[in-house]
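Below is one structure, written out as structure tokens; the observations come after it.
Chain letters run A, B, ... following the sequence lines, proteins first and then strands; every chain starts at 1.
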Amino acid sequence: MKILSTIYKEFLLLVRDPGGMALIFIMPLALVIVMALVQDAPFRDYQEVKLDVLFVDADADSLSAKIRQAFSASPNVNLILEKDSAAAKRRVQAGEVKAAIVVPPQSSVRLRNKTRQVIANVFANFGLPAQVDSTLLPSTDIKIFFDPAIKANYKQALSGAVEKIIANVQADWMLDELQNQLGEGRPETKKTEINLTDIIHVNTAYASENKYQGVMLNSVQHNVPAWTMFAMFFILYPLAGNFIKEREEGSMLRLRLISGSQFPVIAGKFAFYFLVCLVQFVMMVAVGIFVMPLLGLNRLVLGGDALNIFITACAVAMAATGYGVLIGVYFKTAQQALSFGSVSVVILSAIGGVWVPVYVMPEILQTLSRFSPMSWGLEAFNDLFLRQASIGVILPDVLKLVGFALVTLSASVLIHKSRTVV
Amino acid sequence: MSSVVRLDHLVKQYPNAPKPAVSNMTLEIPEGAVFGLLGPNGAGKSTTVMMLCGLMRPDSGSVAVMGLDMQEHGAAVRKKIGVAPQEIALFPTLTAYENLVYFGRMYGLKSSHIHTQIKKYLSVFNLQEKAHKQVGTFSGGMKKRLNLIAALLHQPKLVILDEPTAGVDVQSRNMILDFLTDLKSEGTSIIYSSHVLEEAERICTHLGIIDEGKVLQTGTRSTVMGDHPDCFNLEQLFLKLTGKNIRD
């Protein structure tokens with residue numbers, strides 16, 4: 001009954017505090033939407049971005065035609081024709097476009113001649129009739145200019161794509177030339193059409209049992225659970241602030257004067273803010289599912305079992321509330337508690353992978369992240385949302401969160417008790 | 001008459017303080033008394049009250065309340081005492097009624113008893129019309145009255161009041177003092193810590209004048225005054241015992 005009374009009292013205090021209500025419910029929603037929008041572009045990698053690339057076709061022959069044809073089918077590259085290579089370079093330098101591909105004059109001719117020479121040399125080596133030409137033929141130099149500000153993965157992807165196209169053209173032409181030279185003097189022999197792409201296929205798929213196949217870490221999938229946890233840990237702001245306010249205003253003194261354990265006071269606060277954290281979680285997830293798609297973002301996909309998601313949310317809520325209670329009990333002034341509390345939550349969130357995923361952090365931060373409760377929570381949510389993990393997979397992280405909550409809550413009770421009698 | 005409070009060679013010194021706040025204090029308060037704990041600023045009144053309530057442990061000596069040692073039976077003692085601290089120990093954004101219901105529940109009282117007690121005391125202190133207003137909107141006098149009600153809900157045998165009339169208007173002060181007189185007549189013991197000597201003269205049956213953590217004079221009001229026939233009132237006696245130097 002004492003715990004229930006404290007929960008009801010905390011409810012009344014919160015609903016009569018518009019600032020606290022805004023901090024708990026409105027700010028986190030605004031934060032998660034803004035962060036998801038801001039981080040949407042960085043999260044979209046080469047596969048999702050349409051890159052404008054200048055194309056200087058000084059060759060005007062089959063090689064440049066093959067390159068144009070290949071990129072015209074690409075959803076990620078938009079080729080813009082440019083006549084002059086110097087102008088193309090200037091436009092890239094100015095940051096107008098991210099890259100320019102320059103196919104120099106005679107590229108097709110040179111590649112064809114070089115291919116013919118290589119095949120003739122091979123024939124000659126095997127004693128087959130061939131017209132060997134020992135002239136050193138010029139190589140084909142295709143240039144790609146990049147904006148220095150281009151992301152490394154875009155640069156790598158574009159270079160790789162061009163090299164792949166050229167390699168395919170080269171392989172095609174070699175086979176063609178091989179058939180030409182073998183068929184010399186045998187006009188009745190028909191050339192075989194060889195499609196190299198039919199020989200071997202590379203299929204990609206996500207190693208997920210998720211019913212929504214193809215769900216991957218995007219801005220929404222990262223930011224909704226990440227900033228939800230941030231908001232839940234930020235519960236310390238109203239919680240600790242309220243705790244210290246009660247101490248400063250004197251109502252806590254009366255509770256200390258009332259006989260019996262202080263446990264109901266702490267437990268009541270803990271239980272109430274735990275429930276608030278769960279409400280925050282539901283609201284943030286609802287925003288991810290229903291609001292984010294309206295803003296042009298991906299829809300949040302809850303891949304995992306609802307019970308497992310609820311268990312994880314409860315574990316995060318316990319850890320967040322326990323931490324808030326500890327901060328409120330330990331610090332003597334609101335200024336100390338709220339300054340330390342806010343900064344510590346920002347640090348825990350940064351090393352926990354809330355701002356950017358842990359895997360892109362330096363190794364030392366990746367090691368440190370193992371000690372952040374937000375990292376445990378985020379890992380569990382990613383396991384559930386993206387990998388549809390079972391309870392066995394998320395259990396270690398859930399237990400760490402519950403353990404963290406129990407340690408902080410026990411420490412809070414001990415500190416509060418020790419200060420009841422000085 | 002048995003004693004409701006017995007302080008035995010009580011000592012308390014704060015860390016880094018040059019001298020003890022309470023120094024070898026021995027004091028006995030009889031049951032049913034209204035005991036005025038009087039002293040200038042820094043005399044040790046608040047420290048004594050804190051030890052009496054079990055909020056502070058003495059460095060040495062003992063506190064016994066209603067025969068129970070505070071250090072051993074702190075929880076049991078707190079059930080029997082009601083404390084109205086000088087500061088307003090209430091939640092300002094809760095209504096008067098909500099505050100009292102919450103504290104009643106934390107005292108472990110039954111719901112029906114809580115509501116009966118609240119209605120009774122709100123009526124006694126003329127707060128029934130403000131019962132459902134937030135405490136933050138109350139005047140100083142109303143807050144002090146409500147603060148006192150919160151200390152009385154569980155019908156304690158001993159009530160400890162620290163400056164219960166500080167900052168209140170004449171009408172509220174008069175109401176509080178009248179109530180305390182009635183409470184005493186019902187057999188409740190009261191410890192009344194105050195600077196206001198006229199109030200002590202009006203309601204206290206016993207006095208304890210302390211300074212520098214020591215008891216300078218204690219006994220019934222008449223014996224204390226009788227020991228100093230040259231003093232015509234309590235203020236003269238107080239100044240005679242504690243001096244005229246300003247205390248900060």
Side-chain angles (χ1 to χ4, degrees), chain A residues 1-24 238-239 241-272 328 332 334 413 415-422, chain B residues 12 14-15 47 49-59 70-71 73-95 97-111 114 134-136 143 146-147 149-151 153-154 156 160 162:
Chain A
M1 187 54 97
K2 288 181 180 178
I3 293 176
L4 283 178
S5 299
T6 304
I7 291 173
Y8 181 62
K9 182 262 293 182
E10 293 295 336
F11 168 75
L12 292 176
L13 293 178
L14 183 64
V15 296
R16 288 173 193 169
D17 176 12
M21 290 284 280
L23 193 69
I24 288 177
L239 201 171
N242 203 348
F243 205 97
I244 291 166
K245 201 165 113 188
E246 286 179 11
R247 208 158 53 208
E248 288 173 345
E249 284 172 354
S251 44
M252 189 63 76
L253 174 67
R254 183 171 306 285
L255 293 172
R256 286 164 63 194
L257 288 166
I258 292 175
S259 166
S261 163
Q262 292 296 300
F263 179 75
V265 177
I266 301 274
K269 280 185 183 294
F270 179 88
F272 175 72
K332 290 184 177 166
V413 171
I415 293 168
H416 187 66
K417 197 175 168 188
S418 74
R419 288 180 182 167
T420 302
V421 179
V422 289
Chain B
K12 180 70 186 184
Y14 292 107
T47 306
V49 168
M50 293 269 275
M51 288 189 283
L52 258 172
C53 305
L55 292 178
M56 190 180 276
R57 283 197 189 93
D59 296 339
M70 180 55 93
Q71 288 207 55
H73 307 283
V77 170
R78 278 201 282 267
K79 274 185 184 166
K80 296 180 177 184
I81 66 174
V83 185
Q86 186 176 354
E87 54 198 289
I88 303 299
L90 300 164
F91 298 100
T93 53
L94 297 190
T95 66
Y97 208 91
E98 287 163 350
N99 264 286
L100 296 174
V101 168
Y102 177 61
F103 289 123
R105 294 218 193 282
M106 297 311 281
Y107 277 120
L109 303 179
K110 285 183 181 168
S111 189
I114 292 171
Q134 289 185 23
V135 171
K143 284 180 188 167
L146 193 63
N147 204 33
I149 296 174
L153 285 174
H154 60 304
I160 301 169
D162 193 4

Examine whether an atom of B:Phe91 lies under 4.5 Å from a heavy atom of chain A, and if so say whether it belongs to the side chain, the backbone or both; otherwise answer neither. both
Tell me, for B:Asn99 versus chain A, whether the close heavy atoms (under 4.5 Å) come from the side chain, the backbone, both or neither. neither
When only pairs under 4.5 Å are counted, which of B:Cys53, B:Gly82, B:Pro92 shares the most heavy-atom pairs with chain A? B:Pro92
Just wondering, do A:Val265 and A:Arg256 contact through their side chains at under 4.5 Å, heavy atoms? no
So what's closer than 4.5 Å to chain A heavy atoms on B:Leu94: side chain, backbone, both or neither? both
Please check if the distance between the ring centroids of A:Phe263 and A:Phe270 is under 6.0 Å. no
Highest number of heavy-atom pairs under 4.5 Å with chain B among A:Gly250, A:Ser251, A:Ser5 belongs to A:Ser251
Quick one: are B:Leu153 and B:Met106 in side-chain contact, heavy atoms under 4.5 Å? no
Anything under 30° is parallel, anything over 60° is perpendicular, the rest tilted; go ahead and classify A:Phe243 against A:His416. perpendicular
Honestly, the part of A:Glu246 sitting under 4.5 Å from a heavy atom of chain B is side chain
Quick check: are there more than 12 heavy atoms from other residues, nucleotides or ligands sitting under 6.0 Å from OH of B:Tyr14? yes
Residue pair B:Met70 / B:Pro58, side-chain heavy-atom distance below 4.5 Å: no
Most heavy-atom pairs under 4.5 Å with chain B, out of A:Lys245, A:Lys9, A:Glu249, A:Met1, belong to A:Lys9
